Enquirer: 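Next up is a structure, given as structure tokens.
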Amino acid sequence: MKKSTLGLAVIAAIPMFSSVQVLAADEAAKSIEKIQVTGSRINRTDMETASPITVIGDDFIAKSGYTSVADVLSNQPSAAGMSLGGSSNNGSGGTATVNLRGMSSKRTLVLLNGRRMVSSGTGADSSVDLNTIPVAMIKSIEILKDGASAVYGSDAIAGVVNIITKKDFEGSEVNVEGSRTTKGDGNNYGVSLLHGMQIAEGNLVVGAQYSSRGEIIQSDRSFVEPGQSSYIPEGTLGSKMPDGNGGFIDRNKGYDYSTSSYAQTPNDLYSIFTSFDKELDSDTTFNVDLMYTRRDSTQQLAPQPASIDLKTTNLDAAYTSAFVDGNGVLADTLEYRRRMVDAGPRIYEQKTDTYRASVALMGTLDNDASWDVSATYGRNDSKDKVQNSIHASNVEQSIYANQALWFAGDALNRDMLVSDGAIYTESNEGGNEQFILAAGYSALTDNDIGYAIGVENRFESGYYTPDMITQRGESTAAQQDPTEGDYSVQSVYFEASMPVLESVTIEGAARYDNYSTFGGATTWKLGATWNVTDEFMVRSVLATGFRAPNVAELFGGNSGSFDYLADPWGNEQDPQIEVNYTSDKNLKAEESKSFTFGMVWEITDGLSSTMDYWKFDITDAITRLDVQNEMRSCFAGTLESCSAINITSTGDLSNMSSALTNVGSQKTSGVDWNISYKADNYGINLDTTYLIEFEQDDIDYTGTIDGNIGGYAKIKSNLSVNYDVSEALSLLYNARFVKGMDGEYDGDFFSTDNTVYHDISMSYSVSDDLRITGGMNNIFDKEPESVLGGNDMGTVPEIYDVIGSRIFASVNFKF
């Protein structure tokens, strides 16, 4: 079997592989230089492993108009569930994440040049904020689509995203880009500078990037129906609204919250990065990577809905007389609701600073073995604010003192609200810190037996300190406790690759991790490749994995969340109902098993295909019970469900809670299929994921969509066609397909239609140093599918495009 031949077949089958990368890979396959591929610690001389990998090149990213890593990854067929991004206005905190297989972002490990990234949201976070990684520094993105805990440790249950940065770069490059929607809003623009030079007998690369994303208001999209919140600006008392004459009548109107909420959230990103590589001698190389990113982001929601329980003994009889029942009895309290438009919209602001430094020494020995030692430090600091927050206790006192004003149904004077302390700015802060020491050794014997051993020591900490008013539960927003904690883990791993027959190679890995919080965990991996012919290869991997509980899950305390839920008793009409989330310092690690089986086939010159079956099974998953499902079961008479979420069989939801436990489960399986054809001047690539099953906590979500967990379409597919008209002009067409899904909300069943988004772009090289790129995404202005109980705008913005057609252009100049 000729490994280089099939190695090129593997590479040709990799989705969206740019022509530059194929040439680079061709040279790597012919060279004796040893390389390390994502999913393995063994330095090897070819690209072949048993694990399926997708590689996305910087050329494809530029031509597609992508300006963030999150946009690239969320559009992959292997992504499901809900990945946060620029259209996540409610609860995202400005963070962007990736969710492989829909198994949650917590189970997708993000690496930078093969080493972990620090968690980087607004404090005590469990996932990497992809905003922190500037696109200008990216050479390629590698997506490993099977479990890799035996190689990388915790969090790699669903797969790994490894972002490779540009190195060995000489010269200077400036890139200026901009985009806007065809409706004239959502203006985005950015500029980046990259400079590489030889200095001190090494290569230094320095880069800087600034990007800005503009706002879009929800009501500026025709598909957005006016909101109908039961919290109205006039205020209601005991579910009745003012009649204008000092009395109250039954509520009969709603409030449109779409006019002050964002469809696209604005942010500004400032990044600087550098890398330096130097050969200290013929056998030793020194490397240092530094990166800093500042994120200033904003989300905006409708004015705060205030709910205040008023003591009737403190209210004038003129206002309570309408609530005396037929027996002359007046309740002890009456709920007062008001949409606080007098205060202004809720404006969420985040300022996050993320730092990362990695230093490494790498070398080779006389026996051609390689070694490396590295130290990686990451830190994330965050300050976030919520303007126009409402102080519930002060509002209550203001109502007692100014009943005629609050119950008249008229607008309130903002100065009065300020002087009464009803309005305040919520201020929170948080952070994450990571430090890793690692050492590894890799060797390849004369008979092609490869192995790697290594040790790691990792420290993680995080904290989040909410505003004291929020901690005391005096805000009309949900109460939240502070979070603070840390843990350390010591690890040792071993990996081997061995040919057992002329055409069969087996791979194995084992890893032991010892956590300060819960003890030890051992994981293993066994894989094999069988080169059946020069053109056909079979591959398979069986592996175990785990995910350790993170800081927020262990030490998060209690925190409230307004979830999109339907009250089966009908007592609560507002779609957002408060649920108290609790953590548990005694949580154990999740455990998983994964299996992949596939083939790589070079059908004919230029035409190749890969097909892989995959299956994941998680037990002892750290999860919260499906509150909506438990509410329905409680309503149906299952008292265990009532107790599980702390509600009553009569529908009292005031103390509803959801605790983290190790009783969850997740099962998912499917098939990835890729077919690629490349000729001299054009290439066609079709990348498809077929979801066979997704089941979580015994609930089947296959082919469904939901406002809380996102979408699990049975089929997602990307088609790309690249045509080089000439040496200077290149055209690219992309189509993204999402199969229709079913859903249910509050007893109503619905279905979404199949959705296809079409993108086109053109790249023209004016000269060797100047390239102009332009195009349009969603060229037919496809509107999102309607989703009952959707998490925003009547849909799920993380699944469907809520922005519409967007025109983009960029200019790249090298000098």
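Owing to the predicted nature of the structure, the values given are computational and were not obtained by experimental measurement. Sequence positions, counted from 1, serve as the residue numbers for this chain.
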Enquirer: Counting C-beta onward and ignoring hydrogens, is there a side-chain heavy-atom pair between Thr97 and Leu130 closer than 4.5 Å?
Expert: no

Enquirer: How about CD on Gln198, more than 12 heavy atoms from neighbouring residues, nucleotides or ligands closer than 6.0 Å, or not?
Expert: yes

Enquirer: Using the rule given for side-chain hydrogen bond (donor to acceptor under 3.5 Å, both in side chains), can you reason through Asn75 versus Tyr66, listing the C-alpha separation, both sets of side-chain angles and the distance that settles it, and then say yes or no?
Expert: CA-CA 11 Å; Asn75 286 329; Tyr66 291 124; 3.2 Å; yes

Enquirer: Looking only at side-chain N and O atoms, does Ser491 offer a donor or acceptor that is under 3.5 Å from a partner on Glu456?
Expert: no

Enquirer: Are Thr67 and Ser211 side-chain neighbours, meaning at least one heavy-atom pair lies under 4.5 Å?
Expert: no

Enquirer: Looking only at side chains, do Trp614 and Asp146 share a donor and an acceptor under 3.5 Å apart?
Expert: no

Enquirer: Please identify each residue that fulfils side chain to side chain donor-acceptor pair (under 3.5 Å) with Asn203, with sequence neighbours left out.
Expert: none

Enquirer: Answer yes or no: is there a side-chain heavy-atom contact under 4.5 Å between Asp372 and Leu361?
Expert: no

Enquirer: With a 4.5 Å cut-off on side-chain heavy atoms, are Tyr487 and Val551 touching?
Expert: yes

Enquirer: Check whether Trp524 forms a cation-pi arrangement with Arg511 (NZ or CZ under 6.0 Å from the six-membered ring centre, at most 45° off the ring normal).
Expert: no

Enquirer: Using only atom types and a distance under 3.5 Å, with no angle test, would you say the side chain of Asn550 pairs donor to acceptor with the backbone of Ala552?
Expert: yes

Enquirer: Report yes if the side chains of Gln76 and Ile56 come closer than 4.5 Å at any heavy-atom pair, otherwise no.
Expert: yes

Enquirer: Going by atom types only, do Thr132 and Thr354 share a side-chain donor-acceptor pair under 3.5 Å?
Expert: no

Enquirer: Do Arg356 and Tyr377 form a cation-pi contact, if we require the NZ or CZ to be under 6.0 Å from the six-membered ring centre and within 45 degrees of the ring's axis?
Expert: no

Enquirer: Quick one: do the Asp687 and Asn718 side chains pair a donor with an acceptor below 3.5 Å?
Expert: no

Enquirer: Please list, chain by chain and in numerical order, all residues satisfying salt bridge (charged side-chain N to carboxylate O under 4.0 Å, His left out) with Asp155, sequence neighbours excluded.
Expert: Arg116

Enquirer: Stepwise, does the salt bridge (charged side-chain N to carboxylate O under 4.0 Å, His left out) test hold for Lys106 with Glu553?
Expert: CA-CA 11 Å; Lys106 295 182 293 187; Glu553 292 168 333; 3.0 Å; yes

Enquirer: Report yes or no: does Thr364 contribute a side-chain atom to a donor-acceptor pair with the main-chain N or O of Asp368 at less than 3.5 Å?
Expert: no

Enquirer: Could you check, using the six-membered ring where one of them is a Trp, whether Phe273 and Tyr292 have ring centers closer than 6.0 angstrom?
Expert: no

Enquirer: For Arg539, run the side-chain hydrogen bond (donor to acceptor under 3.5 Å, both in side chains) check against Thr610, Asp612, Asn531 and tell me which one passes.
Expert: Asp612

Enquirer: Rounded to the nearest 0.5 Å, what separation is found between the CG atom of Asp58 and the CE atom of Met137?
Expert: 12.5 Å

Enquirer: Checking side chain to side chain contact (heavy atoms under 4.5 Å, CB included) for the pair Val135/Ile61: CA distance, chi angles, key distance, verdict?
Expert: CA-CA 9 Å; Val135 173; Ile61 295 172; 4.0 Å; yes

Enquirer: In Å, rounded to the nearest 0.5 Å, how long is the span from OG1 of Thr465 to CD of Glu429?
Expert: 5.5 Å

Enquirer: Of all residues at least two apart in sequence or in a different chain, which pass the salt bridge (charged side-chain N to carboxylate O under 4.0 Å, His left out) check with Lys814?
Expert: none

Enquirer: If you count the non-hydrogen atoms of other residues, nucleotides and ligands that lie under 6.0 Å from CG in Asp446, is the total more than 12?
Expert: no

Enquirer: With a 4.5 Å limit on heavy-atom distance, are the side chains of Ile141 and Asn162 in contact?
Expert: no

Enquirer: Does atom NZ of Lys278 have more than 12 heavy-atom neighbours from other groups under 6.0 Å away?
Expert: yes

Enquirer: Of the options Asp381, Asp296, Asp384, which is the one that meets Lys351 in a salt bridge (charged side-chain N to carboxylate O under 4.0 Å, His left out)?
Expert: Asp296

Enquirer: Assess the side chains of Asn175 and Ser192: does a donor N or O sit below 3.5 Å from an acceptor N or O?
Expert: no

Enquirer: For the pair Ser74 (side chain) and Ala70 (backbone), establish whether a donor and an acceptor sit closer than 3.5 Å, ignoring hydrogens and angles.
Expert: yes

Enquirer: For the residue pair Ala548 and Phe518, what are the closest heavy atoms and their distance?
Expert: CB-CE2, 3.6 Å

Enquirer: Quick check: closest heavy atoms across Ser154 and Tyr515, and the distance to 0.1 Å?
Expert: CB-OH, 3.1 Å

Enquirer: Would you indicate whether the side-chain heavy atoms of Thr274 and Val205 approach each other to under 4.5 Å?
Expert: no

Enquirer: Consider only side-chain N and O atoms of Tyr451 and Arg41, and report whether a donor and an acceptor are under 3.5 Å apart.
Expert: no

Enquirer: Atom CG of residue position Asp281 - does it have more than 12 heavy atoms of other residues, nucleotides or ligands inside 6.0 Å?
Expert: yes

Enquirer: With no hydrogens and no angle check, just 3.5 Å: does a side-chain donor-acceptor pair link Ser40 and Glu495?
Expert: yes

Enquirer: Carefully, step by step, assess Ser105 and Asn99 under the rule side-chain hydrogen bond (donor to acceptor under 3.5 Å, both in side chains).
Expert: CA-CA 4 Å; Ser105 59; Asn99 189 353; over 6 Å; no

Enquirer: Going by atom types alone, do Lys139 and Thr165 pair a side-chain donor with an acceptor below 3.5 Å?
Expert: no

Enquirer: Looking at Gly94, is its backbone amide N or carbonyl O close enough to the side chain of Asn131 to form a donor-acceptor pair, meaning the two atoms are under 3.5 Å apart?
Expert: yes

Enquirer: Salt bridge (charged side-chain N to carboxylate O under 4.0 Å, His left out), that's the test. Do Asp353 and Lys383 meet it? Break it down for me.
Expert: CA-CA 9 Å; Asp353 297 284; Lys383 294 184 182 296; over 6 Å; no

Enquirer: Sub-3.5 Å donor-acceptor pair from the side chain of Ser540 to the main-chain atoms of Thr596, do we have one?
Expert: yes

Enquirer: Which atom pair, heavy atoms only, marks the closest approach of Asn267 to Ser297?
Expert: CB-CB, 3.6 Å

Enquirer: Cut-off 3.5 Å, side chains only: do Asn674 and Asn685 have a donor facing an acceptor?
Expert: yes

Enquirer: Would you please say whether a donor-acceptor pair under 3.5 Å links the side chains of Asp268 and Ser212?
Expert: yes

Enquirer: Does Tyr512 form a side chain to side chain contact (heavy atoms under 4.5 Å, CB included) with Phe494? I'd like the steps, not just the answer.
Expert: CA-CA 9 Å; Tyr512 177 76; Phe494 175 78; over 6 Å; no

Enquirer: Find the distance between CZ (Arg107) and CZ (Phe546) and round it off to the nearest 0.5 Å.
Expert: 13.5 Å

Enquirer: Regarding Asp129 and Ser120, is there a side-chain donor-to-acceptor distance under 3.5 Å anywhere?
Expert: no

Enquirer: Testing the 3.5 Å rule here: is there a donor-acceptor pair between the side chains of Glu507 and Ser497?
Expert: no

Enquirer: Look up atom OG in Ser594 and atom NZ in Lys525, then write down how far apart they are to the nearest 0.5 Å.
Expert: 9.5 Å

Enquirer: Does NZ in Lys593 sit with more than 12 non-hydrogen atoms of other residues, nucleotides or ligands closer than 6.0 Å?
Expert: no

Enquirer: Yes or no on side-chain hydrogen bond (donor to acceptor under 3.5 Å, both in side chains) for Thr352 and Ser382, after CA distance, side-chain angles and deciding distance?
Expert: CA-CA 4 Å; Thr352 66; Ser382 171; 5.9 Å; no

Enquirer: Would Gln434 and Arg379 count as a side chain to side chain contact (heavy atoms under 4.5 Å, CB included) if you check the C-alpha gap in whole Å, the side-chain angles of each, and the deciding distance to 0.1 Å?
Expert: CA-CA 6 Å; Gln434 178 189 81; Arg379 182 182 176 88; over 6 Å; no

